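In this text, all values refer to a predicted model and were calculated from it rather than measured experimentally. Every chain is numbered from 1 and lettered A, B, ... according to where its sequence line falls, protein lines coming before strand lines.
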Amino acid sequence: MDYIFSILGPLITGTGVTLKMFLVTIVLAVPLGLALALARISHWPLLSGLVNAYIWLMRGTPLMLQMLFIYFALPFVPVVGIRLPDFPAAVVAFVLNYAAYFAEIFRAGIQSIDRGQYEGAKVLGLTYAQTMRRIVLPQMVRRILPPVSNETITLVKDTSLIYVLAMNDLLRAARGIVQRDFTTTPFIVAAAFYLAMTLVLTWGFQYLEKRYDVHDQ
Amino acid sequence: MINNPPMMNKPMIKAEGLHKRFGHNEVLKGVSLEMGKGEVIAVIGPSGSGKSTFLRCLNHLETINSGRIEIEGEVLASTDTAGHCQYAPDADVRRICRKMGMVFQHFNLFPHLTVLQNIIEAPITVKGVKREEIVPVAEELLRKVGLLAKRDSYPARLSGGQKQRVAIARALAMEPDIMLFDEPTSALDPELTGEVLRSMRQLAEEHMTMLVVTHEMGFAREVAQRVIFMDHGEIVEERPAAEFFASPAHPRSRAFLDNML
């Protein structure tokens, strides 16, 4: 027990890095994903096609490769080439990647809304933008909660990929102690930390689902 | 039957030679209609006759391939001599179509909003009416359709007949000059159609201009002044309701009525 307390310090610091990565990614990737979803269903074929290609690229290559590319290769790309420090580089990769997945979830949610809702809004005089904001998106939220919950929990664990940029997230902190002390206990403690984080998320999403359920009662 | 109010000079709806194709399937083959203020017209006919499509073309839920539509003298769509169909600019289309309220077969209430919120949504969002001004109006409309007690319920809690009456109140809250009904009772259990028809009859008694696509022959006979019988994308017969039901002239209308009654 004393041993566990003695290693909590670095693990909590690592959890801080993990949570920071997680929160910044969520806050940026959700709105970007929504924008991509709306562009993807737009009737302007060029825009929709570009977003389609973007989603293919982001889902079709490993997140780790994208992160390594932005950190190591981007500085050498002509014109757009900039050198990002490790945390911003990781954030850019995570946001661009997760936004693509969120975009597909949002698109599925939007397209699951009955045509009658659009027609009902149209005959009342609502514009397309008003229909989206007031009628379609609020209904979409309820339907996408389960897949978004999935994606969010995956993100918590995916943040451990940032070890390749030598950032001390929870898992890397644990591994450091394992290699120093020749015991696997830090892994078990780290697992408990991950489980605690995903439990909070699970409860959060269950609460949201229940709150949105009032419409169906 | 309700007395025919005097016809105004300017027709409320004037449709000329509407053509509509879905792919190679021509569903409207030159449908024309002129409708006066306060008139109640029932559009009847077998399914697939194009009657719903005709209604949906009038308020731009479908676009026509050729023809001309005027609402209260304003041109919604017109076709030039070369056969090019041209719609008014988007903002005008929206403004013109707002003169028409519509009630759908499947209600299309917004499930995430309460009954009251369903009714006040468009007046607030579209017209910019203040909430405290529109709420009493909405409550009065709900009282009229007998649903004031359901003010704060969500649509999922309502029966089909109640949903449709809310849908009528919602359309009326935008103060339309014309009401379009697209088979308003077709999705309802038979014992629930009466309450919806009662609300519609009340509306007709207040001289609302109403164009009603329906399978309710009783309603068509008692409330409508004119009946339009459509089949295969054309108006086959168009006559005062009493005459039509007493002695349908066309063999196809006669066959249809024999099947219905």
Minimum side-chain heavy-atom gap Glu206(B)-Met208(B) below 4.5 Å: no

Kindly indicate, with the supporting measurements, whether the criterion side-chain hydrogen bond (donor to acceptor under 3.5 Å, both in side chains) is fulfilled by Asp152(B) and Thr114(B). CA-CA 5 Å; Asp152(B) 297 313; Thr114(B) 64; 4.8 Å; no

Name the region of Arg95(B), side chain, backbone, both or neither, that has any atom closer than 4.5 Å to a heavy atom of chain A. neither

For Glu39(B), is there an ion pair with Lys37(B) - N to carboxylate O distance below 4.0 angstrom? no

Which one of Gln130(A), Arg134(A), Arg133(A) has the most heavy-atom pairs closer than 4.5 Å to chain B? Arg134(A)

Of the backbone (N, CA, C, O) and the side chain (C-beta and beyond), which part of Phe110(B) lies under 4.5 Å from a heavy atom of chain A, both, or neither? both

Using distance only, find each side-chain donor-acceptor pair of residues 94-112 of chain A under 3.5 Å and give its atom names and separation, not counting sequence neighbours.
from	atom 1	to	atom 2	distance (Å)
Asn97(A)	ND2	Met58(A)	O	3.2
Asn97(A)	ND2	Gln66(A)	OE1	2.9
Tyr98(A)	OH	Leu155(A)	N	3.3
Tyr98(A)	OH	Asp158(A)	OD2	2.7
Glu104(A)	OE1	Arg107(A)	NH2	2.9
Glu104(A)	OE2	Arg107(A)	NE	3.1
Arg107(A)	NH1	Gln111(A)	OE1	3.2
Ser112(A)	OG	Gly109(A)	O	2.8
Ser112(A)	OG	Arg143(A)	NH1	3.0

Measure Leu109(B) against the heavy atoms of chain A and call it side chain, backbone, both or neither at under 4.5 Å. backbone

Would you check if the distance from the ring center of His112(B) to the ring center of Tyr154(B) is below 6.0 Å? no

What part of Arg115(A) is in contact with chain B, defined as an atom under 4.5 angstrom from a non-hydrogen atom: side chain, backbone, both or neither? side chain

